[in-house]
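Here is the structure we will look at, set down as structure tokens.
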Amino acid sequence: MPTCGTGERRKSVDYCMKLIYIANIRFPTEKAHGVHIVKMCEALARNGVEVKLVVPERKNQIENDLFEYYGVKKNFEIKYLPVIDFVGSGFLGYWVTQISFIIALLRQKFDKSESIILTRDEWSGWVLASKKYRVFYDMHGFPVKWKFLWKKSMKIMRGIICTNEWKIERCQRIFDIGRNKMVLARNGFDPELFSVSVSKNEARKKLNLPENKKIILYSGHLYDWKGVDTLAAAAVIRRQDLFVFVGGSDLEVTEFVKRIDLCDNILVLGQKPHPDIPWYLKAADVLVLPNSCQSSNSRFADYSLFDTSPIKMFEYMAAERPIVASDLPSLREVLNEKNAILVKSGSSESLVKAVDLILTDERLGAELAEQARHDVQQYTWENRGKIVLNFIKRIFSEEQINIRR
């Protein structure tokens with residue numbers, strides 16, 4: 001566990017940084033934001049920061065040790081706070097749990113002079129910032145409702161970390177937040193996790209996947225806005241290949257199977273431990289990111305179109321397998337015609353054509369995969385940690401200069 005240096009205390013973050021990462025979620029979780037949170041805590045600690053992850057103590061079917069479950073180094077501390085766990089009991093239950101967690105946070109009485117708060121929970125961040133804590137907000141979803149409350153909340157944050165340029169533009173235009181108060185820090189991947197050098201056949205043997213089939217693979221949750229229905233429809237068209245879906249809770253898998261034409265060339269595997277994901281990606285001939293701008297919930301349609309920065313995108317790129325992705329503004333901030341084939345969102349026919357092109361032109365597939373592997377090297381979790389820490393240091397340096405004036 002990293003510790004701060006000794007000697008005379010100073011308020012400068014160059015001397016020592018104690019960072020408290022607040023996450024109001026069930027932890028561990030099978031959801032992607034759990035990967036983001038632990039990878040960021042690990043990366044920040046690797047950059048010499050003393051990190052404490054603070055989460056609510058909630059009912060959880062996942063009994064694994066957090067560090068084992070995510071395959072991360074035990075270089076940060078985790079603290080569970082007791083809460084009234086009514087999540088799953090409707091709107092009122094959600095707010096009872098939310099408020100009880102905030103109360104538990106306030107009882108901690110973190111040292112305001114030394115501790116820096118980093119969170120992606122806007123409500124915890126807002127309350128702590130209003131209590132004069134130094135709070136930095138990691139924005140992963142731009143609000144659709146209650147924008148006046150969000151504007152008030154964002155204004156009192158010390159800084160805002162955005163996962164794409166679209167959020168920065170929106171914060172400037174809608175919340176009137178200066179560009180110097182924000183930083184772009186996209187999501188990323190773990191190069192150590194993807195350092196395994198393995199052939200497709202070796203990966204398939206380990207995972208008991210057929211070696212004599214072309215495998216088209218998707219990794220992630222099975223929500224409609226993820227475009228998984230479009231990929232399943234593509235499987236019906238291209239019956240000679242195996243379409244593998246890795247991820248999704250038991251409930252998601254059940255609902256997904258009910259709403260698609262489950263033909264014999266579709267394999268739905270459900271949730272897998274995150275350390276196993278590189279093996280599944282490397283077992284594929286083509287990796288698909290079929291995000292849709294259509295959803296039963298319009299909020300998620302917009303999120304998919306502009307807002308998202310999928311962790312799977314960076315992991316696909318690191319896996320050295322050719323990528324087919326929907327041509328959406330959110331994905332185009334990283335993907336382009338040199339590192340992926342971009343297709344019309346929601347079109348199974350376009351997706352099939354792209355898959356066919358890659359499978360019939362091995363040279364093209366290899367070039368796309370190599371360019372993606374090259375492009376993703378800047379998007380490691382450790383680099384993201386450095387961006388965040390340098391941003392925090394800059395904000396405090398500017399504040400000290402303004403105080404002297």
Side-chain angles (χ1 to χ4, degrees), residues 30 32 198-274 276-292 294-296 304 310 312-313 315-316 319-326 340-362 364-365 368-369:
E30 70 282 354
V198 60
S199 69
K200 277 185 285 193
N201 285 343
E202 288 172 330
R204 292 180 185 189
K205 285 178 181 178
K206 175 181 172 67
L207 302 171
N208 294 317
L209 293 173
E211 297 178 43
N212 61 343
K213 287 274 191 181
K214 296 295 185 181
I215 292 180
I216 319 304
L217 189 139
Y218 166 86
S219 171
H221 284 281
L222 303 175
Y223 311 131
D224 61 353
W225 64 271
K226 296 284 190 178
V228 288
D229 299 59
T230 302
L231 183 57
V236 176
I237 300 171
R238 196 173 174 91
R239 298 296 289 266
Q240 70 269 35
D241 300 327
L242 181 63
F243 286 69
V244 179
F245 294 79
V246 180
S249 66
D250 291 344
L251 178 59
E252 285 176 52
V253 170
T254 300
E255 292 179 345
F256 176 60
V257 169
K258 283 181 180 178
R259 70 177 189 257
I260 66 168
D261 183 0
L262 187 61
C263 47
D264 58 7
N265 67 325
I266 292 179
L267 183 60
V268 184
L269 298 178
Q271 193 70 35
K272 297 297 177 183
H274 190 252
D276 292 347
I277 294 302
W279 288 88
Y280 282 97
L281 301 189
K282 287 178 178 291
D285 292 283
V286 182
L287 299 172
V288 183
L289 187 57
N291 274 42
S292 175
Q294 301 294 323
S295 173
S296 57
S304 180
K312 73 166 67 65
M313 174 172 64
E315 294 187 339
Y316 279 12
E320 298 183 78
R321 298 291 183 266
I323 299 168
V324 173
S326 296
I341 294 183
L342 302 175
V343 300
K344 182 180 178 181
S345 173
S347 171
S348 55
E349 292 80 8
S350 297
L351 199 155
V352 167
K353 288 180 182 178
V355 168
D356 182 67
L357 178 59
I358 287 175
L359 295 181
T360 56
D361 189 342
E362 292 186 4
L364 172 64
L368 291 171

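Quick caveat, the model's predicted, so the values are computed rather than measured. FYI, the numbering just counts along the sequence from 1.
- Taking OH from Y223 and OG from S295, the interatomic distance works out to 11.5 Å, rounded to the nearest 0.5 Å.
- The heavy-atom pair separating Y316 from V288 by the smallest distance is OH-O, 2.9 Å.
- Taking all atoms of both residues into account, the shortest heavy-atom contact from E315 to H274 is OE2-NE2, 2.8 Å.
- A donor-acceptor pair under 3.5 Å links the side-chain atoms of S304 to the main chain of S292, judged by distance alone.
- Using a 4.5 Å heavy-atom threshold, the side chains of Y280 and S219 count as separate.
- Between I237 atom CD1 and D356 atom CG the span is 11.5 Å, to the nearest 0.5 Å.
- Within 6.0 Å of atom CD in Q271, more than 12 heavy atoms from other residues, nucleotides or ligands are found, so the atom counts as buried in its surroundings.
- When all heavy atoms of F245 and V228 are compared, the pair lying nearest together is CE2-O, 3.8 Å.
- With a 4.5 Å cut-off on side-chain heavy atoms, I341 and L364 count as touching.
- Looking only at distances, no side-chain donor or acceptor of E211 sits under 3.5 Å from a matching main-chain atom of N201.
- A distance-only check finds no donor-acceptor pair linking the side chain of D229 to the backbone of D224 [under 3.5 Å].
- With rounding to the nearest 0.5 Å, the separation of CD1 in I277 from NZ in K312 is 10.0 Å.
- Closest approach of L222 to G247, counting heavy atoms only: CD1-O, 3.7 Å.
- The distance from the CD1 atom of I266 to the CG atom of L231 is 7.5 Å, given to the nearest 0.5 Å.
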Go through E320 and K282 one step at a time and tell me if the side chain to side chain contact (heavy atoms under 4.5 Å, CB included) criterion holds. CA-CA 7 Å; E320 298 183 78; K282 287 178 178 291; 4.2 Å; yes
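- The two residues S350 and K344 make their nearest non-hydrogen contact at OG-CB, 4.0 Å.
- Nearest heavy atom pair, residue A234 against residue S348, reads N-CB, 3.8 Å.
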What verdict does the side chain to side chain contact (heavy atoms under 4.5 Å, CB included) test give for L359 and D241, after you've listed the backbone C-alpha separation in whole Å, the side-chain angles of each residue and the deciding distance to 0.1 Å? CA-CA 10 Å; L359 295 181; D241 300 327; 3.7 Å; yes
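- Contact of the K226 side chain with the Y218 side chain is registered, since non-hydrogen atoms from C-beta on lie closer than 4.5 Å.
- Taking CG from L217 and CG from L269, the interatomic distance works out to 8.0 Å, rounded to the nearest 0.5 Å.
- R204 places no side-chain N or O within 3.5 Å of a backbone atom of L209 that could act as its donor or acceptor partner.
- Atom-to-atom distance recorded for E349:CD and T230:OG1 is 9.5 Å, nearest 0.5 angstrom.
- Checking side-chain atoms of S326 against main-chain N and O of G346 turns up no donor-acceptor pair under 3.5 Å.
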Assess the residue pair L281 and R321 against the criterion (side chain to side chain contact (heavy atoms under 4.5 Å, CB included)); give the C-alpha distance rounded to whole Å, side-chain angles, the decisive distance to 0.1 Å, and a yes or no. CA-CA 8 Å; L281 301 189; R321 298 291 183 266; 5.7 Å; no
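- Remark: D264 engages R239 in a salt bridge, criterion side-chain N to carboxylate O under 4.0 Å.
- Just one residue in the list K213, K200, R238 forms a salt bridge (charged side-chain N to carboxylate O under 4.0 Å, His left out) with D285, and that residue is K200.
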